[in-house]
Amino acid sequence: MSISRAKFLLKTLNNLKPNSFHSISSRRYSSESHIPSHLEKVGFIGVGNMGFHMANNLIKAGYQLTIHDKDLNAMKHFSDNGIPTKETPFEVAETSDVIVTMLPTSSNVLEVYTGQYGLLHGGNPLRPWLLIDASTIDPQTSRRVSATISECILKEKRGHRDRPVMLDAPVSGGVLGAEAGNLTFMVGGLEEAYMAAESLFLSMGKHTIYCGRSGNGSAAKICNNLAMAVSMLGVSEAFSLGQSLGITASTLTKIFNSSSARCWSSDSYNPVPGVMEGVPSSRNYEGGFSSKLMAKDLKLAAESGEEVGLECPLTSQALKIYMDLCDKGCDLKDFSCVFRHYYSGRDEL
């Protein structure tokens, strides 16, 4: 798949009203908008299912991007369209004012930031004043990397600041949200940096929520995905039970969506094939958010619960179910495939 120029056309998106003082609603930033000089040159590392679309939206908004990914084919999509690519994260840092990383795991984040030829390679003064990690990882790793970055020195002082800043900013919205540019960012770190990066976030998403200190964005994302997994399991179990009792999934969907059972898993991401168009269940659970990644996030939630001494029985059961799904070969299927491959639910005819 190659990037066509049509991919870079602007899309008209609806605005969201802010929910609180610490949340920012979207004002779509286009290439005609003024981009502050301190944000203009962005290094983007990790252009997989999510990062690919997030980087595209930054390009459409007029930012000057430099790309790195371990997958050479992923980088080729950009280089074929005139977007600079680099072989290492360190080379990306040398040409960027801001870094955005979107990576699968905590170990990937550590490798990109502190590994050989990583962003902090050699302990030299850094050009980027702001480093944003949009990955879903454990809060402890976010805080550890942020502390390491805060000990570095900037090549050039930025205003009153002579040290770089890190924000942990995982997202909600999935691949569809990344493509449409309506992600929600959950941001931890220095509030001043969060406010300074407003236009950058809103070029990739519709809503940002400030969560407090470093690592709190990562903590919020783990809690969000835990709730999402348990919700999907509950909805799938209810649909499967309903089918066994003679009620169609379409009928139950109407009931759920007009009653107290209404939730994202029923009204926006229905897991029953044949009920809703444009969701992974309508295309054999291809694309979307993989069961493997859901199992990873549930493991992070379970480990975080253990660390603070909190019993999380639903987390443990959900993790077991998604690990079983992965063992059955459904690791790359969207996590809503639990309806068919765990509960043996039937397609809606």
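Numbering starts at 1 and runs along the sequence shown.
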Between [Y] and [X], do the side chains contain a donor N or O and an acceptor N or O under 3.5 Å apart?
X      : Y      : value
Ser282 : Glu277 : no
Asp297 : Thr136 : no
Tyr269 : Asp334 : yes
Asn270 : Thr253 : yes
Tyr63  : Ser199 : yes
Lys86  : Thr66  : no
Ser203 : Asn57  : no
Glu91  : Thr88  : yes
Gln116 : Glu111 : no

Among Leu131, Leu200, Leu58, which residue satisfies the side-chain contact (heavy atoms from CB on, under 4.5 Å) criterion with Val98?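 Exactly one option meets the side-chain contact (heavy atoms from CB on, under 4.5 Å) with Val98, and it is Leu200.
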Provide the closest heavy-atom pair for [X] versus [Y] in the form atom of the first, atom of the second, distance.
X      : Y      : value
Val235 : Cys263 : CG2-SG, 3.5 Å
Val338 : Ser236 : CG1-OG, 3.5 Å
Asp347 : Pro273 : OD1-CG, 3.3 Å
Ile67  : Ala55  : CD1-CB, 4.2 Å
Lys221 : Val171 : NZ-O, 2.8 Å
Met75  : Thr85  : O-CG2, 3.6 Å

Quick check, are the ring centers of [X] and [Y] under 6.0 angstrom apart?
X      : Y      : result
Phe239 : Phe256 : yes
Tyr285 : Phe339 : no
Tyr210 : Tyr194 : yes

Under 4.0 Å between a side-chain nitrogen and a carboxylate oxygen: does that hold for [X] and [Y]?
X      : Y      : result
Arg158 : Asp97  : yes
Lys333 : Glu286 : yes
Asp267 : Arg262 : yes
Asp324 : Lys320 : yes
Glu192 : Arg161 : yes
Asp71  : Lys76  : no

Going from [atom1] on [X] to [atom2] on [Y], what distance comes out if it is rounded to the nearest 0.5 angstrom?
X      : Y      : atom1 : atom2 : value
Lys299 : Leu319 : NZ    : CG    : 8.5 Å
Met166 : Cys152 : CE    : SG    : 11.5 Å
Asn56  : His77  : CG    : NE2   : 10.0 Å
Arg346 : Gln243 : CZ    : CD    : 4.5 Å
Ile132 : Leu130 : CD1   : CG    : 4.0 Å
Tyr322 : Met294 : OH    : CE    : 5.5 Å

Please tell me if the side chains of [X] and [Y] come closer than 4.5 Å, counting only heavy atoms from C-beta onward.
X      : Y      : answer
Glu303 : Thr315 : no
Val187 : Phe201 : yes
Leu126 : Ile153 : no
Val100 : Ile45  : no
His207 : Ile209 : yes
Met50  : Met204 : no

Run Leu202 and Phe185 through side-chain contact (heavy atoms from CB on, under 4.5 Å) and show every step you take. CA-CA 9 Å; Leu202 296 182; Phe185 286 86; over 6 Å; no
Do you reckon [X] sits in the same ILVMFWY cluster as [Y], going by side-chain contacts under 4.5 Å, direct or chained?
X      : Y      : answer
Val92  : Met54  : no
Leu167 : Leu154 : yes
Ile83  : Leu39  : yes

Quick one, Ser281 with Ser336, criterion side chain to side chain donor-acceptor pair (under 3.5 Å). Give me CA distance, side-chain angles, the key distance, then yes/no. CA-CA 7 Å; Ser281 63; Ser336 62; 5.4 Å; no
Applying side chain to side chain donor-acceptor pair (under 3.5 Å) to Ser291 and Asp331, what does each step give before you reach the verdict? CA-CA 5 Å; Ser291 296; Asp331 51 321; over 6 Å; no
Take Leu226 and Ile222, measure what side-chain contact (heavy atoms from CB on, under 4.5 Å) needs, and give me the verdict at the end. CA-CA 6 Å; Leu226 165 59; Ile222 289 173; 5.5 Å; no
Walk me through whether Ser107 and Thr105 qualify under side chain to side chain donor-acceptor pair (under 3.5 Å). CA-CA 5 Å; Ser107 60; Thr105 67; 2.9 Å; yes
Before giving the answer on side-chain contact (heavy atoms from CB on, under 4.5 Å), spell out for Leu183 and Ser172 the whole-Å C-alpha distance, their side-chain angles and the decisive distance to 0.1 Å. CA-CA 6 Å; Leu183 295 170; Ser172 178; over 6 Å; no
Dump the intermediate steps for side-chain contact (heavy atoms from CB on, under 4.5 Å) on Cys330 and His341, then the final yes or no. CA-CA 8 Å; Cys330 298; His341 296 289; 3.6 Å; yes
For Lys70, is the NZ atom crowded, meaning more than 12 foreign heavy atoms sit under 6.0 Å from it?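 No - once you tally the heavy atoms of other residues, nucleotides and ligands closer than 6.0 Å, there are 12 at most.
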Candidate pair Asp133 and Thr101, rule side chain to side chain donor-acceptor pair (under 3.5 Å), full reasoning: CA-CA 5 Å; Asp133 182 36; Thr101 53; 2.7 Å; yes
